[in-house]
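Given the structure is predicted, the values throughout are model-derived calculations rather than measurements. Just so you know, ligand 1 is whichever comes first in the structure, and atom 1 is the first atom listed for that ligand.
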Amino acid sequence: MIKVHHLSKQFGEQEVLKDINLTVEEGEVVCIIGPSGSGKSTFLRCINQLETPSGGTVRYNGENLVNNSYDIRKFREEVGMVFQKFNLFPLKTVLENVTLAPVLTKKGSKAEARITGMELLDRVGLAEKADEYPCTLSGGQQQRVAIARALAMHPKALLFDEPTSALDPELVGDVLEVMKSLAKDGMTMIVVTHEMGFARDVADRIIFMADGYIVEEGRPEEIFMAPREDRTRTFLSRVL
Ligand code: ADP
Ligand code: MG
């Protein structure tokens with residue numbers, strides 16, 4: 001579904017991504033782990049072209065997104081992104097946050113969007129907050145609204161960039177539960193995370209990045225129980 005080939009990215013002199021290759025199949029959950037500054041966010045941002053890659057290709061169902069003739073809006077409508085900072089619209093209610101994009105992109109009528117929006121809020125456990133404003137919600141609740149908002153576009157895949165890193169520890173679990181349920185339902189997901197328990201339980205594949213490279217990848221049991229590379233071992237010994 002998503003195929004990254006020889007992807008590189010430089011900021012000035014600094015090479016932040018070096019020859020990244022990754023294929024993600026439909027229904028797969030790929031977790032990306034690695035030290036801070038290793039290029040994980042830049043990698044996700046290069047996938048949906050929030051950053052322009054310096055080299056290489058990113059293909060989505062065969063089409064190269066790193067190509068001026070590709071309309072990136074199409075990709076962003078089909079592949080949602082959830083950020084560390086939830087970026088909800090502060091002057092819109094929770095339900096309006098969820099219905100805004102589908103209405104603007106004419107995915108259906110306003111009434112339909114409201115019905116779907118309420119179903120999605122129910123799914124993330126926040127139906128009773130529909131008419132509240134984001135500032136009255138906890139960080140964990142806001143992040144669950146952000147996930148509902150991404151789901152409102154009926155995405156084919158979702159990219160997550162450390163969705164729980166900005167949350168107080170006691171709020172992390174509810175967000176991870178929502179993500180787990182999405183994974184269980186077969187959503188294709190690329191998740192940058194520091195939550196090793198989540199990665200171990202939910203990922204089909206773990207990617208370990210350091211210094212702009214994919215150092216190692218494998219099934220969770222391989223990476224966590226028997227990492228091949230020293231750098232992976234060192235990183236895991238610090239975070240586990
Ligand atoms: P991670 O998400 O793994 O912590 P990032 O992708 O955020 O890593 O950053 C990788 C490196 O790229 C860091 O050294 C960071 O300072 C640099 N970087 C990221 N974004 C920019 C930017 N817009 N301009 C310049 N340097 C950047
Ligand atoms: Mg990051």
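- Scanning the protein heavy atoms around atom 14 (O) of ligand 1, the nearest turns out to be Gln14 NE2, 3.0 Å.
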Practice problem: Please test Tyr60 against Glu78 for side chain to side chain donor-acceptor pair (under 3.5 Å), starting from the C-alpha separation and ending with a verdict. | Solution: CA-CA 10 Å; Tyr60 174 62; Glu78 293 188 12; 2.6 Å; yes

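- Nearest protein heavy-atom neighbour of atom 5 (P) of ligand 1: Thr42 OG1, 3.6 Å.
- The distance criterion of under 3.5 Å between nitrogen or oxygen atoms is met by Ser38 with respect to ligand 1.
- Taking only nitrogen or oxygen atoms, main chain and side chain alike, Gly39 reaches within less than 3.5 Å of ligand 1.
- Judged by distance alone, the side chains of Asp161 and Ser41 do bring a donor and an acceptor atom under 3.5 Å apart.
- Of all protein heavy atoms, the one lying nearest to atom 11 (C) of ligand 1 is Val16 CG1, 3.6 Å.
- Other cluster members for Tyr133: none, since no ILVMFWY side-chain heavy atom sits under 4.5 Å from it.
- Regarding atom 19 (C) of ligand 1, its nearest protein heavy-atom neighbour is Phe11 CE1, 3.5 Å.
- Because the distance cut-off is set at 2.8 Å, Gln84 fails to qualify as a neighbour of the Mg ion (ligand 2), as none of its N, O or S atoms comes that close.
- Only one option out of Leu88, Leu137, Thr99 pairs with Val94 in a side-chain contact (heavy atoms from CB on, under 4.5 Å); it is Leu137.
- Looking from atom 4 (O) of ligand 1 to the surrounding protein, the closest heavy atom is Gly37 N, 2.7 Å.
- Cluster note: Ile115 groups with no other residue, as no ILVMFWY side-chain heavy atom lies under 4.5 Å from it.
- Protein heavy atom closest to atom 7 (O) of ligand 1, with residue, atom name and distance, is Ser41 CB, 3.7 Å.
- Under the 6.0 Å distance and 45° angle rule, Arg149 counts as a cation-pi partner of Phe89.
- The shell of residues lying under 4.0 angstrom from ligand 1, judged by heavy atoms, includes Pro35.
- Salt bridge status for Glu77 with Arg73: absent, with no side-chain N to carboxylate O gap under 4.0 Å.
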